[in-house]
S.K.: 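Structure incoming, see below.
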Amino acid sequence: MRDLTFIVLIKQVPDMDQVEFDYEEGRVDRSSAPLEPNPFDLNALEEAVKYKEELGGEVIAISMGPKQAESTLKDAIARGADEGILLQGREFAGSDTWATSLALGHAIEAVGDFDLIFSGEKTVDGDTGQVGPEVAEFLNIPHIAFVSGVKARKEDEVEVVSESWGATYVKSMELPGLITLTKDVNEPRLPSFKDKQKARKAKIANWGVEDIGIDQENLGITGSPTRVANMEVPPPEKRESMLLREDPGSAVNQLLEKLDLGRSK
Ligand SMILES: Cc1cc2nc3c(=O)[nH]c(=O)nc-3n(C[C@H](O)[C@H](O)[C@H](O)COP(=O)(O)OP(=O)(O)OC[C@H]3O[C@@H](n4cnc5c(N)ncnc54)[C@H](O)[C@@H]3O)c2cc1C
């Protein structure tokens, strides 16, 4: 059996329960909350590690982001990845989904031969769901999106359950290919204390533009065709609550009155 290579795409995102929004600028204030791996990418990683456990091979986690995204890659190593590669440098900053996918695609080509790429279905901050399928297009390989189950793991083919357009499909895909995974696919494992300790010492490869052979013009703002015309963060909804302590009959009447549906009308 040949050695299989699995690639997992992982983005570091702010904890969306704690993050604050800059209402003036209409953007997420990333510095306002702790950073963590995008939750869907942990499902992707778990599935790659399961594939490795069944058929052998190695799992390489790749992220594009600032230097602090190294911690997300170390977390991936604690959860079963063998290597972490971080694409970082100021040339990458300001990239839209097109430039991000192009850079990730070039990095995967620089890794060499691969069998299956795993990505989350979307991120919790950008939420476009574009990067996985775009990477597959740049690499000219097939992909299946919204995978909620993996039915058969083989050396040259994968069989999955995919949920799209309100229907459930069972699909097979020849490898090399890419799948994007939903939260229903598995329950990501928790790393042990020993695994965390080992991962803390792991060396994360930092790659820049020259390592992935990409023209700088295709990155950052210059390489990003998307223009954001305007962004608005809806203000938090104001909610009212009311405690009705009377007997059920008068409580119902009070509620109807409050809802302007009084019985007398
Ligand atoms: C004009 C413009 C400028 C921008 N400038 C910045 C900026 O300066 N800094 C910034 O952080 N964002 C910036 N963004 C947002 C940036 O485009 C997105 O963060 C990025 O393209 C990923 O998109 P997404 O979050 O919607 O991912 P999705 O498409 O929802 O992600 C799907 C999956 O792709 C993979 N993936 C996505 N992004 C990465 C990544 N970076 N590394 C590894 N895997 C990944 C993950 O597996 C993820 O689950 C900008 C966007 C625009 C339009």
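Atoms within each ligand, like the ligands themselves, are counted from 1 in listed order.
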S.K.: Looking only at side chains, do Gln12 and Thr72 share a donor and an acceptor under 3.5 Å apart?
M.R.: yes
S.K.: May I ask you to identify the nearest protein heavy atom to atom 47 (O) of ligand 1, giving residue, atom name and distance to one decimal place in Å?
M.R.: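 Result for atom 47 (O) of ligand 1: Leu9 O, 2.8 Å.
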S.K.: Go through ligand 1 atom by atom and flag the ones less than 4.0 Å from a non-hydrogen atom of Thr97.
M.R.: 17 (O), 21 (O), 23 (O)
S.K.: Is it the case that the side chain of Glu58 and the backbone of Leu4 share a donor-acceptor pair, with hydrogens and angles ignored and the cut-off at 3.5 Å?
M.R.: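 No; judged by distance alone, with no hydrogens or angles, the pair does not exist.
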S.K.: I want to confirm something. Looking only at heavy atoms, which of Ala107, Ser101, Gly94, Pro133 is nearest to atom 5 (N) of ligand 1?
M.R.: Gly94
S.K.: Among side-chain atoms of Glu70 and Asn206, is any donor-acceptor pair under 3.5 angstrom?
M.R.: yes
S.K.: Which residue and atom name correspond to the protein heavy atom nearest atom 52 (C) of ligand 1, and how close is it?
M.R.: Asp96 CB, 3.7 Å
S.K.: Could you list the atoms of ligand 1 found under 4.0 angstrom from a heavy atom of Leu104?
M.R.: 43 (C), 44 (N), 45 (C)
S.K.: Quick one: nearest non-hydrogen protein atom to atom 26 (O) of ligand 1, plus distance?
M.R.: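 That would be Thr128 OG1, 2.7 Å.
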S.K.: Determine whether the side chain, the backbone, both or neither of Ser119 has a heavy atom under 4.0 Å from any heavy atom of ligand 1.
M.R.: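 Within the 4.0 Å criterion, Ser119 contacts ligand 1 through backbone and side-chain atoms alike.
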S.K.: Please list, in number order, the atoms of ligand 1 under 4.0 Å from a heavy atom of Ile10.
M.R.: 42 (N), 43 (C), 44 (N)
S.K.: Do Glu47 and Arg153 sit within salt-bridge range, that is, some charged N less than 4.0 Å from a carboxylate O?
M.R.: yes
S.K.: Any N/O of Val131 closer than 3.5 Å to an N/O of ligand 1?
M.R.: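 Yes; the residue has a nitrogen or oxygen that sits under 3.5 Å from a nitrogen or oxygen of the ligand.
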S.K.: Among protein heavy atoms, which sits nearest to atom 18 (C) of ligand 1, and what does the distance come to when rounded to 0.1 Å?
M.R.: Lys11 NZ, 3.8 Å
S.K.: Between Arg239 and Glu237, is there a salt bridge with N-O shorter than 4.0 Å?
M.R.: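 Judged by the 4.0 Å cut-off on N to carboxylate O distance, Glu237 and Arg239 do form a salt bridge.
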S.K.: Considering non-hydrogen atoms of the protein only, which is the closest contact for atom 16 (C) of ligand 1, and what is the distance?
M.R.: Ser95 O, 3.3 Å
S.K.: Considering only non-hydrogen protein atoms, determine which one is nearest to atom 21 (O) of ligand 1 and report residue, atom name and distance to 0.1 Å.
M.R.: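 Here the nearest protein heavy atom works out to Thr100 OG1, 3.0 Å.
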S.K.: Using a strict 4.0 Å cut-off to heavy atoms of Met64, name the atoms of ligand 1 that fall inside it.
M.R.: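 Result: 40 (C), 41 (N), 42 (N), 43 (C).
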S.K.: Between Arg227 and Asp96, is the closest basic N to carboxylate O distance under 4.0 Å?
M.R.: no
S.K.: Tell me, which protein residue and heavy-atom name are nearest atom 24 (P) of ligand 1, and how many Å apart are they?
M.R.: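 Here the nearest protein heavy atom works out to Thr123 OG1, 3.4 Å.
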S.K.: Looking only at heavy atoms of Ser63, does any of them come nearer than 4.0 Å to an atom of ligand 1?
M.R.: yes
S.K.: Under 4.0 Å from ligand 1, counting heavy atoms only, is it the side chain of Ala99, its backbone, both or neither?
M.R.: neither
S.K.: Distance under 4.0 Å to a non-hydrogen atom of Thr226: what atoms of ligand 1 satisfy this?
M.R.: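 Those qualifying, in numeric order: 1 (C), 53 (C).
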S.K.: Could you tell me if Asp247 and Ser250 have a donor-acceptor pair between their side chains, going purely by distance under 3.5 Å?
M.R.: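 Yes.
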S.K.: Answer yes or no: does an N/O atom from Gln130 fall short of 3.5 Å to an N/O atom of ligand 1?
M.R.: yes
S.K.: Pairing donors with acceptors under 3.5 angstrom, does anything connect the side chains of Glu46 and Asn186?
M.R.: no
S.K.: Of the options Gln130, Glu134, His106, which is the one that meets Ser101 in a side chain to side chain donor-acceptor pair (under 3.5 Å)?
M.R.: Glu134
S.K.: Counting the benzene-type ring for Trp, do Trp207 and Phe92 have ring centres under 6.0 Å apart?
M.R.: no
S.K.: Tell me whether Asp15 contacts the main-chain N or O of Pro34 through its side chain, where contact means a donor paired with an acceptor under 3.5 Å.
M.R.: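 Not a single qualifying donor-acceptor pair exists.
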S.K.: Given Pro37, Gly129, Gly120, Ala93, identify the one with the heavy atom nearest to atom 33 (C) of ligand 1.
M.R.: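 Heavy atom nearest to atom 33 (C) of ligand 1 belongs to Gly120.
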S.K.: Which heavy atom of Asp211 sits nearest a heavy atom of Gly208, and at what distance?
M.R.: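 The pair with the smallest heavy-atom distance is OD2-N, 2.8 Å.
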S.K.: Which atoms from ligand 1 have a heavy atom of Asn38 less than 4.0 Å away?
M.R.: 49 (O)
S.K.: Identify the protein heavy atom lying closest to atom 10 (C) of ligand 1, giving its residue, its atom name and the separation to 0.1 Å.
M.R.: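 Closest protein heavy atom to atom 10 (C) of ligand 1: Arg30 NH2, 4.2 Å.
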S.K.: Within the 4.0 Å heavy-atom shell around Ile62, which atoms of ligand 1 are there?
M.R.: 43 (C)
S.K.: So, Glu53 and Arg189, do they make that salt bridge, N to O below 4.0 Å?
M.R.: yes
S.K.: Taking distance alone, with no angle check, do Phe118 and ligand 1 share an N/O pair under 3.5 Å?
M.R.: no
S.K.: On the ring face of Phe40, is Lys183 found with NZ or CZ under 6.0 Å from the centre and within 45° of the axis?
M.R.: yes
S.K.: Between Asp41 and ligand 1, which part of the residue brings a heavy atom under 4.0 Å of the ligand: side chain, backbone, both or neither?
M.R.: side chain
S.K.: Under 4.0 Å from ligand 1, counting heavy atoms only, is it the side chain of Val8, its backbone, both or neither?
M.R.: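 Within the 4.0 Å criterion, Val8 makes no contact with ligand 1.
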S.K.: Do NZ/NE/NH1/NH2 and the carboxylate oxygens of Asp75 and Lys196 come within less than 4.0 Å?
M.R.: no
